[in-house]
Amino acid sequence: MASLASAPSGLANRWRNAIGAHPDRCYWIVAVLLYGTVAIYAAHGHFLYQTSRDLWQHLAAVDALIENPWNPKNPFLPGQEGSRHFHPYWVGMAMLARLMGWNGWQAIAAGGFVTATLLVVGIRAFALSFFRDRWAPMALMMAMALGWSFPISHTGFHSIETLIEGLAYPAVLLIALSLLLWALVIQALARPAAALIVTPLTALMFATHQLGAGIGFMVAGAFILLWPHSCWRNRLAVILAMMVGLALAALWSYHNPFVAMVKTGNATWTGGINFYAPTRLFLILFPSSLGLIGLWQPEYRRRAWPIMASIAGFGLLFATGAYGVLVATRFAPPLVLMLQIGLAGLILMLARRWSAMSDAKQLGWFTFASLCIAWHLMVTISYLMIETGDNAKRGNAYAQAQRLTADIPDQQPVAAWDVVAWPVVATGQRVMSVPWPEPMITDLAVRQKDLEALFRPELTRSQRLAITRKWGVKTLIVDSDGPLRREMPKNLLVTLRRQSVRMRTAGPLFRFDLE
């Protein structure tokens with residue numbers, strides 16, 4: 001019996017012909033529904049119980065820029081030090097917020113829609129430039145959105161779960177801008193005039209997020225060197241355009257991105273997810289690793305050399321993290337993206353050969369794809385339900401920090417243990433130190449060393465006061481049961497209760513006033 005899809009007429013055949021004539025229209029419809037929904041969901045803020053979220057430092061920076069975009073105060077410490085978070089993206093959103101009368105939350109929500117738009121445009125531009133297939137944008141979007149076995153949610157990844165929590169983050173913006181850059185580089189290698197757009201895009205990327213830009217530039221460099229359809233004159237023109245862009249980025253008045261790139265400001269940056277456990281490696285790399293099959297197809301093999309070189313480079317850099325290089329973990333997301341580009345190629349290859357396949361092969365591929373999607377949806381829903389339950393249990397960390405610090409002057413720093421500092425600074429309160437690298441804070445390593453000493457339970461009250469008075473601190477804040485990066489010392493709560501003059505709580509957060 002003939003299958004419905006192979007019937008000479010009928011609803012399936014008419015539907016196939018209808019969508020086949022409008023692949024671009026189909027892409028925009030699905031893209032707007034998918035990323036529009038994610039942007040709406042992200043705009044409402046979710047999983048605010050997590051004290052370790054990057055949201056808090058971005059909110060603090062945006063609020064500082066809204067207050068004074070021309071001479072903003074450091075969003076974390078008292079004083080006038082600059083911040084790497086004062087980049088073109090947040091400055092632009094803060095200017096828009098002042099114009100529209102928005103607060104920091106609304107500015108970040110709007111930033112999510114900006115990023116979603118650029119992501120949709122970037123996927124389409126790169127897919128068409130690389131694959132030269134009208135259905136390539138749809139294939140790449142599906143590979144990027146669904147090419148996961150587990151809902152990884154971590155800054156730098158582009159899974160739907162990550163976008164729900166941090167669509168507006170600069171790291172996500174750099175994924176979108178990188179896709180646009182790669183498309184422009186491919187076009188400029190054929191028509192050097194396109195390099196004129198590469199220059200300002202390079203400057204914007206590097207001034208906004210140096211690590212994300214560096215990742216994008218690595219892939220762009222691979223295209224410049226290995227893309228088959230160009231001459232050396234065009235390649236040199238693109239290299240020159242990017243170098244001019246880097247020079248322009250150095251003129252950014254809020255901070256020098258080159259300095260921000262080479263100075264972490266905190267040698268004690270440790271902790272985080274173990275990306276190197278065998279199970280987690282499998283979850284990260286499957287099914288995207290099947291993209292190697294797509295990249296090795298004859299129709300893509302020569303064009304895929306830049307992607308293959310990027311996979312090798314990111315893989316080697318990521319591997320160094322197993323030996324203690326923490327920043328190496330940030331190369332896992334671009335590694336997955338490169339593999340998912342190959343996965344899009346595999347999807348396109350299967351689509352072209354579908355009618356020539358046997359019924360058994362069609363059934364096998366269809367079953368495999370259905371199982372992958374069903375598995376991903378199942379674990380995604382479970383993950384979101386667990387996160388929602390934890391959010392309801394622990395409550396809003398921002399609101400809790402706000403209640404605990406409402407009566408403390410913003411410029412009077414408090415000492416917060418580990419990542420509890422982040423929701424505290426999000427409220428506008430300054431702290432003694434922050435646990436992650438901040439290049440513009442020159443004495444951050446000293447501050448962090450003193451902070452760790454301050455929270456040792458064996459200190460006497462006079463010893464603890466000596467440290468707090470050095471930094472102008474009167475209040476300590478800890479999280480009694482939160483997902484900390486560093487385990488809170490045993491007996492610390494008991495000791496601080498005994499040594500403080502008063503104690504207050506808000507959810508799992510404890511405030512201790514020493515004087």
- [ ] State, yes or no, whether a side-chain contact exists between Ser310 and Met218 at a heavy-atom distance under 4.5 Å.
- [x] no
Open item on the list: Rounded at 0.5 Å granularity, tell me how far CZ in Phe223 sits from CG in Leu189.
Closed with: 9.5 Å
Open item on the list: Distance check, rounded to the nearest 0.5 Å: Ile160 atom CD1 versus Met144 atom CE?
Closed with: 9.0 Å
TODO: Take Glu299 and Arg352 through the test side chain to side chain contact (heavy atoms under 4.5 Å, CB included) and record every step on the way to the result.
DONE: CA-CA 12 Å; Glu299 55 263 49; Arg352 283 193 296 270; 2.8 Å; yes
Task: Closest approach of Ala309 to Leu226 (non-hydrogen atoms, all atoms of both residues) - done: CB-CD1, 3.7 Å
Open item on the list: Centre-to-centre under 6.0 Å for Phe258 and Phe206, is that the case here?
Closed with: yes
Task: Check against side chain to side chain donor-acceptor pair (under 3.5 Å), Ser83 and Tyr254 - done: CA-CA 8 Å; Ser83 172; Tyr254 291 82; over 6 Å; no
Open item on the list: Would you say that Trp56 contacts Val419 through its side chain, given a criterion of any heavy-atom pair below 4.5 Å between the two side chains?
Closed with: no
Open item on the list: Quick check: closest heavy atoms across Ala328 and Thr320, and the distance to 0.1 Å?
Closed with: CB-OG1, 3.2 Å
TODO: Check the pair Ser370, Thr367 against side chain to side chain donor-acceptor pair (under 3.5 Å), reporting the backbone distance first and the verdict last.
DONE: CA-CA 5 Å; Ser370 298; Thr367 302; over 6 Å; no
Open item on the list: With a 6.0 Å cut-off on the ring centroids, do Phe282 and Phe150 count as close?
Closed with: no
Open item on the list: Using 0.5 Å steps for rounding, measure from the CG atom of Asp24 to the CE atom of Met138.
Closed with: 9.5 Å
TODO: Might you point out which heavy atoms bring Ala125 and Leu180 nearest each other, and give the distance in Å?
DONE: CB-CD2, 4.2 Å
Open item on the list: Is the ring pair His255/Trp252 parallel, tilted or perpendicular, if the boundaries are 30 and 60 degrees?
Closed with: perpendicular
- [ ] Calculate, to the nearest 0.5 Å, the distance between atoms CG and CG belonging to Leu146 and Leu377 respectively.
- [x] 7.0 Å
TODO: Kindly compute the distance separating CD (Glu161) from OG (Ser159), expressed to the nearest 0.5 Å.
DONE: 4.5 Å
Open item on the list: Side chains of Thr117 and Tyr35 only: does a donor on one sit below 3.5 Å from an acceptor on the other?
Closed with: no
Task: Any donor-acceptor N/O pair, Arg302 side chain to Pro298 backbone, under 3.5 Å - done: no
TODO: Please say whether more than 12 non-hydrogen atoms of neighbouring residues, nucleotides or ligands are located less than 6.0 Å from CE in Met385.
DONE: no
TODO: Look at the side chain of Tyr89 and the backbone N and O of Leu204, then say whether any donor-acceptor pair between them is shorter than 3.5 Å.
DONE: no
Task: Side chains of Leu48 and Arg53 in contact at under 4.5 Å (non-hydrogen atoms) - done: yes
Task: Residues Thr202 and Thr199: side-chain donor-acceptor under 3.5 angstrom - done: no
Task: Greater than 12 external heavy atoms within 6.0 Å of Trp296's CH2 - done: no
- [ ] Could you tell me whether the side chain of Arg280 and the main chain of Asn274 form a donor-acceptor pair under 3.5 Å?
- [x] yes
Open item on the list: Does either side chain, that of His46 or that of Glu165, offer a donor lying less than 3.5 Å from an acceptor on the other one?
Closed with: no
Task: Closest non-hydrogen atom pair between Leu346 and Leu290, with its separation - done: CD2-O, 3.8 Å
Open item on the list: Under 3.5 Å, is there a donor on one side chain and an acceptor on the other for Trp90 and His58?
Closed with: yes
- [ ] Look at atom CE of Met95 and say whether more than 12 heavy atoms of other residues, nucleotides or ligands are closer to it than 6.0 Å.
- [x] yes
Task: Side-chain donor or acceptor of Arg235 paired with backbone N/O of Ile224 under 3.5 Å - done: yes
Task: Separation between CE of Met378 and NE2 of His376, rounded to the nearest 0.5 Å - done: 11.5 Å
Open item on the list: Quick check: do Leu295 and Arg301 have side-chain heavy atoms less than 4.5 Å from each other?
Closed with: no
TODO: Establish, yes or no, whether a centroid distance under 6.0 Å links the rings of Trp365 and Trp354.
DONE: no
Open item on the list: Is it the case that the side chain of Ser289 and the backbone of Phe286 share a donor-acceptor pair, with hydrogens and angles ignored and the cut-off at 3.5 Å?
Closed with: no
TODO: Compare every heavy atom of Thr115 with every heavy atom of Ala176, then report the nearest pair and how far apart it is.
DONE: CB-O, 4.4 Å
Open item on the list: Applying side chain to side chain contact (heavy atoms under 4.5 Å, CB included) to Leu181 and Phe217, what does each step give before you reach the verdict?
Closed with: CA-CA 8 Å; Leu181 176 67; Phe217 297 160; 3.8 Å; yes
Open item on the list: Just so I know, are the side chains of Met93 and Ile108 near enough to count as touching, which here means a heavy-atom distance under 4.5 Å?
Closed with: no
TODO: Spell out, as yes or no, whether a donor-acceptor pair under 3.5 Å connects the side chain of Asp63 to the backbone of Gly104.
DONE: yes
- [ ] Please report the shortest heavy-atom distance between Asp54 and Trp436, naming the atom on each side.
- [x] OD1-CZ3, 3.0 Å
Task: Pairwise side-chain contact, Trp375 with Ser149, heavy-atom cut-off 4.5 Å (strictly under) - done: yes
Open item on the list: Go through it in stages, so that I can follow the logic: the residues are Ile311 and Leu292, the test is side chain to side chain contact (heavy atoms under 4.5 Å, CB included), and I'd like the CA-CA distance, side-chain angles, deciding distance and then a yes or no.
Closed with: CA-CA 10 Å; Ile311 289 173; Leu292 293 173; 4.0 Å; yes
Open item on the list: Pairing donors with acceptors under 3.5 angstrom, does anything connect the side chains of Gln362 and Arg353?
Closed with: no
Task: ring-ring contact (aromatic ring centres under 6.0 Å, His included), paired with His154, selected from Trp148, Tyr169, Phe275 - done: Phe275
- [ ] For His229, enumerate each residue passing the ring pair (Phe, Tyr, Trp, His ring centres under 6.0 Å) test, keeping only those at least two apart in sequence or located in another chain.
- [x] Trp227
Task: Atom CH2 of Trp305 with >12 non-hydrogen neighbours under 6.0 angstrom - done: no
Task: side chain to side chain contact (heavy atoms under 4.5 Å, CB included) assessment of Trp182 paired with Phe130 - done: CA-CA 9 Å; Trp182 304 337; Phe130 181 80; over 6 Å; no
Task: Gln297 side chain to Ile293 backbone, donor-acceptor under 3.5 Å - done: yes
Task: Sub-4.5 Å side-chain heavy-atom contact between His87 and His209 - done: no
TODO: Check whether any side-chain heavy atom of Phe47 lies under 4.5 Å from a side-chain heavy atom of Asp390, and answer yes or no.
DONE: no
